[in-house]
Protein chains: 2
Amino acid sequence: MLTIGKLSKATGVKIPTIRYYEQIGLLASPVRSSGNQRHYDHAAQERLAFISHARDLGFPLDAIRELLSLSDRDEHACATADDIARRQLAAVKARIARLNALQVELQRMLDHCHGGSLSDCRVIQVLGDHGLCRHDHGRAA
Amino acid sequence: MLTIGKLSKATGVKIPTIRYYEQIGLLASPVRSSGNQRHYDHAAQERLAFISHARDLGFPLDAIRELLSLSDRDEHACATADDIARRQLAAVKARIARLNALQVELQRMLDHCHGGSLSDCRVIQVLGDHGLCRHDHGRAA
DNA sequence: CTAATTGCTCTAGCAACTATAGCTTCAAGA
DNA sequence: TCTTGAAGCTATAGTTGCTAGAGCAATTAG
């Protein structure tokens, strides 16, 4: 049995975050000691590790909630999990594409900045006039 | 002079967002009509376009506030703007690197998922055990 | 036994908006 | 001129995923 502090150290999830997960129903309320302190078993630690790992991979809490609920009904669970992961991968890919476009734009902007006063500043100019951009970074994605 | 709706259409910034920018002091309070409606001039439109464009490039509102305030004192403004943009570029690069690692991990997870029941599901397995990952996607960056 | 540490609950705050409710004003047609 | 529908107004609350702080109670090490 672990206290919340031990659990936090074991999983790398901060204490308020663990309590937050309990609050939103992602983690079951654990048993309490006589002095009202939370005590966690091994299953809770595994579940929290799962959550933490999925969060690291960028899964939103709702997706994680769904993944966890799959444990109940085993039928076609893998296909569903696969689908959730696939969507997450698509979202990551889209973000990468968008960030790559932004990176190019920012670099281009910086390459033409050579100090001087504000009126000559390429950074300010580019930000003020979308027409100076090579890409359609906004609006899409 | 533009109403808020026209300004919204002209810049692509949603009406509540425009009011929000005014509320947080990023956009000056415009003149009001006799019936208390906002009316914007061309300068306001340019300022909003600047904000919108910088947001598209991922600049946080605080950085934009700083960029806008540079207009006041012209001295060394470009160097400051350059610095802000440079930081933004570094942040974008870091996010790309992290997302690339996540993408690889998610793809690897999906490549080994072949349907079946939950107990065989690679997606669930990988999420449950960080040791199955090739990269240290979490904790860093 | 006492002091330091850890734990508890509750509230508020962060970014950057978005949505809702309930109202007023404006513009155009009959 | 009246009316109707669109557009505008304020104010509050919700979103996501936490984090920080206040003010206590419980536990543990020396």
Side-chain angles (χ1 to χ4, degrees), chain A residues 1-27 29-40 44 48 50-68 87-88 91-92 95 98 102 138-139, chain B residues 1-27 29-40 44 48 50-68 84 87-88 91-92 95 98 102 138-139 141:
Chain A
M1 290 302 240
L2 301 165
T3 63
I4 198 169
K6 303 275 169 58
L7 180 64
S8 171
K9 254 167 206 145
T11 59
V13 179
K14 287 177 191 153
I15 292 175
T17 305
I18 296 173
R19 289 199 276 244
Y20 169 72
Y21 287 162
E22 179 184 335
Q23 189 193 317
I24 63 170
L26 209 57
L27 224 44
S29 303
V31 294
R32 299 291 185 120
S33 73
S34 57
N36 199 33
Q37 303 200 341
R38 292 168 176 84
H39 284 286
Y40 297 92
L48 182 56
F50 182 97
I51 294 169
S52 165
H53 193 189
R55 284 296 299 135
D56 277 348
L57 289 171
F59 286 81
L61 291 180
D62 269 359
I64 296 172
R65 199 186 297 272
E66 197 176 347
L67 286 169
L68 285 167
R87 269 201 298 269
Q88 175 60 18
V92 167
R95 273 196 281 164
R98 172 151 165 73
L102 297 191
R139 320 295 168 236
Chain B
M1 291 302 238
L2 300 165
T3 63
I4 199 169
K6 302 278 167 60
L7 180 65
S8 171
K9 253 167 208 146
T11 59
V13 179
K14 286 178 192 153
I15 292 174
T17 306
I18 296 173
R19 289 198 278 243
Y20 169 72
Y21 286 162
E22 178 183 335
Q23 189 193 316
I24 63 171
L26 209 58
L27 225 42
S29 302
V31 294
R32 298 291 186 118
S33 71
S34 56
N36 199 34
Q37 303 200 343
R38 292 168 176 85
H39 284 284
Y40 297 92
L48 182 55
F50 182 99
I51 295 170
S52 165
H53 194 188
R55 285 296 299 134
D56 276 347
L57 288 170
F59 286 82
L61 290 180
D62 270 358
I64 295 172
R65 200 187 296 274
E66 197 177 345
L67 286 170
L68 284 167
I84 292 170
R87 271 202 297 268
Q88 174 60 18
V92 166
R95 273 196 283 162
R98 170 147 166 75
L102 296 192
R139 318 295 168 237

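To find a chain, count down the sequence lines: A is the first, B the second, and so on, and within it residues start at 1.
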**Message:** Measuring only between side-chain heavy atoms, which start at C-beta, is B:Arg32 closer than 4.5 Å to B:Gln37?
**Reply:** no
**Prompt:** Counting any heavy atom closer than 4.0 Å, what does B:Arg19 reach on the DNA or RNA strands: base, sugar-phosphate only, or nothing?
**Reply:** base
**Fill in**
5'-most to 3'-most nt of DNA chain D touching chain B (<4.0 Å, heavy-atom partner on protein side) reads D:dG8 to D:dT10
**Item:** Heavy-atom side-chain contact between B:Glu66 and B:Ile84 under 4.5 Å
**Value:** yes
**Message:** Between A:Arg32 and C:dG7, is there a contact of a side-chain N or O with OP1 or OP2 at under 4.0 Å?
**Reply:** no
**Prompt:** Base, sugar-phosphate, or nothing: which does A:Ile24 touch, judged by heavy atoms less than 4.0 Å apart?
**Reply:** nothing
**Complete:** Between CG of B:Asp62 and C1' of C:dA16 the distance, given in whole Å, is 11 Å
**Item:** Side chain proximity check, B:Arg38 to B:Arg19, heavy atoms < 4.5 angstrom
**Value:** yes
**Message:** On the nucleotide C:dT18, are OP1 or OP2 found under 4.0 Å from the side-chain N or O atoms that B:Thr17 carries?
**Reply:** yes
**Asked** When you match B:Ile4 and A:Ser34 each to their closest nucleotide on DNA chain D, which lands nearer the 5' end?
**Response** B:Ile4
**Prompt:** OP1 or OP2 of C:dA16 sitting under 4.0 Å from any side-chain N/O of B:Tyr21?
**Reply:** no
**Asked** So, for A:Arg55 and A:Tyr21, which heavy atoms are closest and what is the spacing to 0.1 Å?
**Response** CG-OH, 3.7 Å
**Fill in**
Heavy-atom nearest pair, B:Ser8 first then B:Lys14, reads OG-CA, 3.8 Å
**Value in whole Å for how far the P atom of C:dC17 lies from CD of B:Glu22** = 15 Å
**Request:** Can you tell me the distance, in whole Å, between the NZ atom of A:Lys6 and the C1' atom of C:dG7?
**Result:** 12 Å
**Request:** Compute the bend angle of the helix from C:dC1-D:dG30 to C:dA30-D:dT1 from the end axes (five pairs per end), rounded to 10°.
**Result:** 10°
**Prompt:** Which heavy-atom pair separates B:His39 from B:Thr3 by the least distance, and what is that distance?
**Reply:** CE1-CG2, 3.8 Å
**Message:** Go nucleotide by nucleotide along DNA chain C from the 5' end; which of B:Gln37 and B:Pro60 gets its closest nucleotide reached first?
**Reply:** B:Pro60
**Message:** What I'd like to find out is whether the side chain of B:Tyr40 reaches to under 4.5 Å of the side chain of B:Thr11, using heavy atoms alone.
**Reply:** no
**Message:** Using whole Å, what does the distance between atom C1' of nucleotide C:dA19 and atom OH of B:Tyr20 come to?
**Reply:** 15 Å
**All side-chain hydrogen bond (donor to acceptor under 3.5 Å, both in side chains) counterparts of A:Arg65, not counting sequence neighbours** = none
**Fill in**
Between CD1 of B:Ile51 and P of C:dA16 the distance, given in whole Å, is 12 Å
**Message:** Quick one, B:Met1 and B:Val31 - any side-chain contact, counting heavy atoms below 4.5 Å?
**Reply:** yes
**Asked** Of A:Ser33 and A:Phe59, whose closest DNA chain D nucleotide lies nearer the 5' terminus?
**Response** A:Phe59
**Spacing between B:Arg55 atom CZ and C:dC17 atom C1', to the nearest angstrom** = 9 Å
**Prompt:** side-chain contact (heavy atoms from CB on, under 4.5 Å) between B:Tyr20 and B:Leu26: does it pass, once the steps are laid out?
**Reply:** CA-CA 9 Å; B:Tyr20 169 72; B:Leu26 209 58; over 6 Å; no
**Between C:dT9 (C1') and A:Asn36 (CG): distance, integer Å** = 9 Å
